[in-house]
Structures are given as C-alpha cells and as structure tokens.
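Notes for the one structure printed next.
These numbers come from the heavy atoms of this one structure, side chains and all, not from hydrogens, waters or symmetry mates. All residue numbers in this chain count up from 1 along the given sequence.
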Amino acid sequence: MRNFGRLKKAAAVMAVAAVCVSMNIGTVANAETLDDVETNSADVTATYESSETEIVYSVDITWGSLEFTYTEAGAQTWDPSTHTYSEAEEGGWSYEEGSNILTITNHSNSAVGGTVKCETDETYAETITLSMDADNAVYEDSNHFSVINSADPVTWVGYFLSDASDFALENPDGADYVEIPFELSGDPDEFEGSVTVGTVTVKLLSATGHTSWGSFFSQNYSSL
C-alpha cells in the first residue's frame, strides 16, 4: 500500500508538470468554459528589400611630398677631387620627380566630382606664389577637367571622375583619375629650415546622375 501511495504522488507531480508545459506553448489548461478565455493573437512582420544597388564610395587621394627647394642664383659646389667650384647655378625652384603631383582616383560605383584649390601662405605671399601647372595636368576626358579661375597663375580647378564600373567593362583594374602638378615661383627672401609656404585643399562630392564636369558644376557651384 505504501508503494502504491508513492506512485500516486509521482503521477500527480507528472500531471502538474504536463500542465505547465502545455501552458508555455499557449494551450488553455484546466478551463471549465471557454467563454471567459481571451482570444490569442500574434503580429505578423515583414521586411522589404529594395533591388536598388547600394552606392559604395572609394576614392584614393595620393599626395606627392610637395617639397620644393629654392636655389639662390650664383651658388657653387666645391669638388674636392679637382679643387674647383662648379659653374654658378641659376636661381630657381626644384623638386624630386613626381613629388609635386596630386592624384585623385575614383574606385566608386558612382561618379564623383569636386575642386582643388591652392593658396600661398600670407607670410610669403609677397615673394612666393603657389599655383597649379594646369597645362600638364593628366585626365581621361576634356569634359572632366576645367580651370575655374582663368587668371594666371591657376589656383582653382574642377574635376569630374566617372563611375568605376564604366571602366571595369573594358579593364577590371581601370579607374578614372586626374593628376594635378603644382609649382612654386618667385624669388623669396632667405629663410632657414623647412617652412610651410602654402596649402592645397581637395573638395570631393557625389556626382551621381552626371556625366560631365559642366553638368556637375552647374548644379553644385554653391557647394564648391
């Protein structure tokens, strides 16, 4: 009889456990009538994914060192092997090959455009001029580059770089780019060490929907 009592108690515990499990999954348990039971409901959610291709911007801006050296006229170099001086050098500015060039390359799946401006530091503005050698700028299309201030020297140019996917059709590694060289002119007063004589600023904007510099410029002039 004692064993039978224990079995009845165990069975009752199992029944309670079964009711708890049933209630966890939403089943009404131990209800004498359904009149007072609230109706169950659940929200249905949905997410819309557009087929529009996402734009990914990737633009390389590569700077040369932009380091220039001014050599005073009449400077000579001593050659200890011949005990002679070199011929007097003419005064002027020099730089290492490629160090004066800014390169902007568009790897985005959207066209981009913008401006490049240079400004001489006011401390040296009376004797030195920082400008762009626009005649030797390198660009893919004449509709993608423009000198904005026509005065000499050139200190403000605009550029437009096509969607890189256009280039990828013919050359997977190809991308639209522009190379802009800078130059210094003038005869500065003597100064010591390396000094900052000017600044170059690049402005970059989305040009989605445009196919040329002219179209982009007309719509974004105020932003440039």
Side-chain angles (χ1 to χ4, degrees), residues 49-68 93-122 124-125 128-186 196-224:
E49 294 186 359
S50 173
S51 61
E52 182 178 354
T53 302
E54 182 181 358
I55 296 177
V56 177
Y57 290 103
S58 177
V59 181
D60 290 339
I61 299 177
T62 306
W63 300 91
S65 65
L66 301 183
E67 295 178 348
F68 295 79
W93 293 95
S94 62
Y95 50 86
E96 292 186 3
E97 184 177 358
S99 64
N100 66 322
I101 294 177
L102 162 68
T103 305
I104 307 172
T105 307
N106 183 28
H107 298 287
S108 313
N109 60 334
S110 167
V112 298
T115 56
V116 178
K117 301 178 184 179
C118 62
E119 183 178 12
T120 306
D121 190 284
E122 60 181 10
Y124 304 97
I128 299 176
T129 299
L130 170 62
S131 60
M132 303 177 197
D133 184 7
D135 291 337
N136 288 309
V138 178
Y139 43 90
E140 189 75 20
D141 192 316
S142 60
N143 290 321
H144 292 183
F145 184 83
S146 177
V147 175
I148 298 179
N149 63 322
S150 58
D152 186 19
V154 176
T155 59
W156 186 13
V157 299
Y159 64 89
F160 176 91
L161 301 176
S162 299
D163 183 335
S165 64
D166 295 340
F167 283 75
L169 295 175
E170 297 182 2
N171 179 7
D173 297 324
D176 201 3
Y177 71 97
V178 59
E179 290 183 355
I180 304 173
F182 299 90
E183 56 187 3
L184 291 179
S185 57
T196 300
V197 297
T199 304
V200 178
T201 303
V202 177
K203 186 69 174 289
L204 182 67
L205 295 173
S206 170
T208 301
H210 297 280
T211 57
S212 69
W213 161 251
S215 171
F216 167 77
F217 179 76
S218 63
Q219 184 171 329
N220 293 278
Y221 175 77
S222 60
S223 300
L224 297 170

Side chain to side chain contact (heavy atoms under 4.5 Å, CB included) involving [X] - partner list, sequence neighbours excluded:
X    : answer
S185 : T129
D133 : D135, N136, P181, E183
N109 : T53, I55, V56, D163

In the structure I gave you, are the side-chain heavy atoms of [X] and [Y] within less than 4.5 Å of one another anywhere?
X    : Y    : value
T62  : T105 : no
N106 : S162 : no
I180 : F145 : yes
L184 : I128 : yes
D60  : H107 : yes

Nearest atoms (heavy-atom pairs only) where [X] meets [Y]:
X    : Y    : result
L224 : K117 : O-NZ, 3.1 Å
G114 : F216 : N-CE2, 3.5 Å
D176 : E140 : OD1-CB, 3.3 Å
E119 : L130 : O-CD2, 3.8 Å
G186 : W93  : O-NE1, 3.0 Å

Q | side-chain hydrogen bond (donor to acceptor under 3.5 Å, both in side chains) evaluation trace for S206 with T208 | A | CA-CA 6 Å; S206 170; T208 301; 3.2 Å; yes

Anything under 3.5 Å between a donor and an acceptor, one on a side chain of residues 152-161, the other on a protein residue two or more places apart or in another chain? List them.
| residue | atom | partner | partner atom | Å |
| --- | --- | --- | --- | --- |
| T155 | OG1 | N149 | ND2 | 2.9 |
| Y159 | OH | K203 | O | 2.8 |

List in chain and number order the residues that pass ring-ring contact (aromatic ring centres under 6.0 Å, His included) with [X], two or more places apart in sequence or in another chain; answer none if no residue qualifies.
X    : value
F68  : Y95
F182 : none
W63  : none
F217 : W213, Y221

Residues forming a side-chain hydrogen bond (donor to acceptor under 3.5 Å, both in side chains) with [X], sequence neighbours excluded:
X    : value
T115 : none
S99  : none
D141 : none
N143 : none

Q | side-chain hydrogen bond (donor to acceptor under 3.5 Å, both in side chains) assessment of H210 paired with S215 | A | CA-CA 6 Å; H210 297 280; S215 171; 2.7 Å; yes

(Q) Is it the case that the side chain of S108 and the backbone of S58 share a donor-acceptor pair, with hydrogens and angles ignored and the cut-off at 3.5 Å? (A)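 Side chain of S108 to backbone of S58, a donor-acceptor pair under 3.5 Å: yes, one is there.
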
